[in-house]
Amino acid sequence: MLARAGGGNDIQWCFSQVKGAVDDDVAEADIISTVEFNHSGELLATGDKGGRVVIFQQEQENKTQSHSRGEYNVYSTFQSHEPEFDYLKSLEIEEKINKIRWLPQKNAAQFLLSTNDKTIKLWKISERDKRPEGYNLKEEDGRYRDPTTVTTLRVPVFRPMDLMVEASPRRIFANAHTYHINSISINSDYETYLSADDLRINLWHLEITDRSFNIVDIKPANMEELTEVITAAEFHPNSCNTFVYSSSKGTIRLCDMRASALCDRHSKLFEEPEDPSNRSFFSEIISSISDVKFSHSGRYMMTRDYLSVKIWDLNMENRPVETYQVHEYLRSKLCSLYENDCIFDKFECCWNGSDSIVMTGSYNNFFRMFDRNTKRDITLEASRENNKPRTVLKPRKVCASGKRKKDEISVDSLDFNKKILHTAWHPKENIIAVATTNNLYIFQDKMN
Amino acid sequence: MFVRGLKRKCFDGEEDIEGTLAGIKAIPSYNLQRQSLLDMSLVKLQLCHMLVEPNLCRSVLIANTVRQIQEEMTQDGTWQMINTQSTGQASLDRLVSTDILCRSSREQAEGKHVPGYTTFNKDFEGDQAQDSSETMSAASSVQVPRNLQSNVWEMENPQENKGNFQKSLDQIFETLENKSPNSVEDLFSEVDNSYYDLDTMLTGMMSNSKMGHCDGLETFSSPTPTASNSNCKSDLNELDHIVEILVES
């Protein structure tokens, strides 16, 4: 287990903070739908079902408090998307934020892309901590002065003011998706990005909102023949011509934009042959990939399907190099999970900064980490019961069948309404953000 | 965990038949499970959110599951029924008919709730606004697929030869797809005027060309225009609303 006391390089995770409402009654709008650190890790953004974005900022490290890293406090909150109504189809367009992606910082301001089902927006978040004072023609409260009363002139100066963080929408990329957007990914050229819906992927230039290029289209001429959809897509972190997209049939296609304008023909197809001993009516559903993420190095990519996390070497298409079981004990419960729709839950996954550990969520507010080097894994729980800072989290264990040991939880006692779909890992440090339904937990490793 | 009780009456019917049919798997419970999975899947495909577009990925996955079950059942020969048509057709026919009962979104472009099977009505009643008359007519028609001795299945239905399970699924996808009509014609082709005629609905004589292959099963199509009076009126209102928008532009 990763958190064995005194175990070498093993990380000991401690509770740091929790954000969000305390009561069990979850307001629908507060359901967290995406979590993302920016490139430095100083900012942490969350999106919710109500279309709001909340950004937390890590406070500067306190030299007197060497035990913990800076806390994350609210930096900016804004309404990114509003509910809309599509009159032609007579359907609502949800304001839920599906994804947030940060742009690398180029100047004092921060930029992020946020998207709902149909529209992507580029937001500029800027600080204002000074304001000009001493105008000649204006009073301090803004009223205009009568020019005839002005007897002397002075030069207006900037004076400090309370920090104000403003978010303003700089670009709105709309009307390019017929189906629901599931992914956005910024290219390593920092000029273009892709957006993917169920059947198509579009390429945009960050400066241009009235045009986008369609680079993947898997819509069949006859919708009756539709059997596969796009579930996630991401640009390669280093090669600006390469991107991957995953499907509901458990395949990943790597495409090279240099090959042709429309990348309908993949350069590589990653697919693991099915295990015949595990075949069931649910095989296809559980093979559907819910998330795909490149490693920081760009050498590997990770996919998440319903029961497992797989690591693929980009040079090997026929099978993953590593497979980690997230909650294999659910395999015998697939019929019930199909009935209550949990089998369609889309779990995300993430890499740590050094690509040595991967993390993903599960049910009962459990989340799992897999150390690729030591091959050890750990299950932790995000709950308010463990909220004493610097207390090491206790590992959890689920008992699949048979005798339940002390401190183990049986599969039938798991709460399937408490699911951790979204997790994020600080790009440089051992700080993780874990989203339960409506709370955001921040955990850090124990610093000695 | 979540084991939901399924109404016994549906299983009782099955058990009687299991013994008489040849070429079935030795374990009757497998067939029952498979059947209930099929039923569950078809119901899931029908249930669309009132205002928000259904999740396409989920729909595709469920539809593929249904296809899988259907293929296996065809291979099993489980679909052999009292039917004058060929084996291949027979296996598909049954699913077609049951699916016609499910299929409502063809004529309900807005994807309103439809009558489910009676086995699942208990679970979904709360979600659906239905007239009791609809429920009754749905109930009587749903019973039939379970009762393999019914004369209804002996009906010659040349239209059924064209219709097949694939097409039924297609209907569902077309609906999902047609939520974004490409042209004004598409928009209005979904709206069949006979839909608003109560008499037409009750006698189930749908002349909508897209429903063509279910003409033969007229007695079953009555529950399919599931809209009650209020749904009709709201659809009319929406139609007016749409016309208003188009006219203004």
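The chains referred to below are lettered A, B, ... by the order of the sequence lines, with proteins before strands, and numbering in each begins at 1.
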Practice task
Hey, could you give me the CD/CZ distance between B/E72 and A/F281, rounded to the nearest 0.5 Å?
Solution key: 3.5 Å

Exercise for the section: Measure distances from A/S283 to the heavy atoms of chain B and classify the residue's part below 4.5 Å as side chain, backbone, both or neither. Expected result: neither

Completion exercise
Most heavy-atom pairs under 4.5 Å with chain B, out of A/N182, A/D197, A/D198, belong to A/D198

Problem - Region of A/S288 that comes under 4.5 Å of a non-hydrogen atom in chain B - result: side chain

Exercise for the section: Give, as side chain, backbone, both or neither, the part of A/Y338 having an atom under 4.5 angstrom from any heavy atom of chain B. Expected result: both

Practice task
Can you tell which part of A/F344 gets under 4.5 Å to a heavy atom of chain B, answering side chain, backbone, both or neither?
Solution key: side chain

Practice task
Supply the atom-to-atom distance B/R58 CZ to A/I343 CD1, rounded to the nearest 0.5 angstrom.
Solution key: 11.5 Å

Fill in the blank from the handout: Rounded to the nearest 0.5 Å, the CD atom of B/Q68 sits from the CD atom of A/E284 at a distance of 6.5 Å

Problem - Side chains of A/E228 and B/N64 in contact at under 4.5 Å (non-hydrogen atoms) - result: no

Exercise for the section: Would you indicate whether the side-chain heavy atoms of B/L56 and A/L199 approach each other to under 4.5 Å? Expected result: yes

Exercise for the section: Pick one of side chain, backbone, both or neither for A/S280, based on which atoms fall under 4.5 Å of a heavy atom in chain B. Expected result: backbone

Problem - NZ/A/K418: more than 12 non-hydrogen atoms of other groups inside 6.0 Å - result: no

Exercise for the section: Would you indicate whether the side-chain heavy atoms of A/H180 and B/C57 approach each other to under 4.5 Å? Expected result: no

Exercise for the section: Check whether any side-chain heavy atom of A/F282 lies under 4.5 Å from a side-chain heavy atom of B/L37, and answer yes or no. Expected result: yes

Handout entry: Within 6.0 Å of CG in A/D341, more than 12 heavy atoms from elsewhere
Key = yes

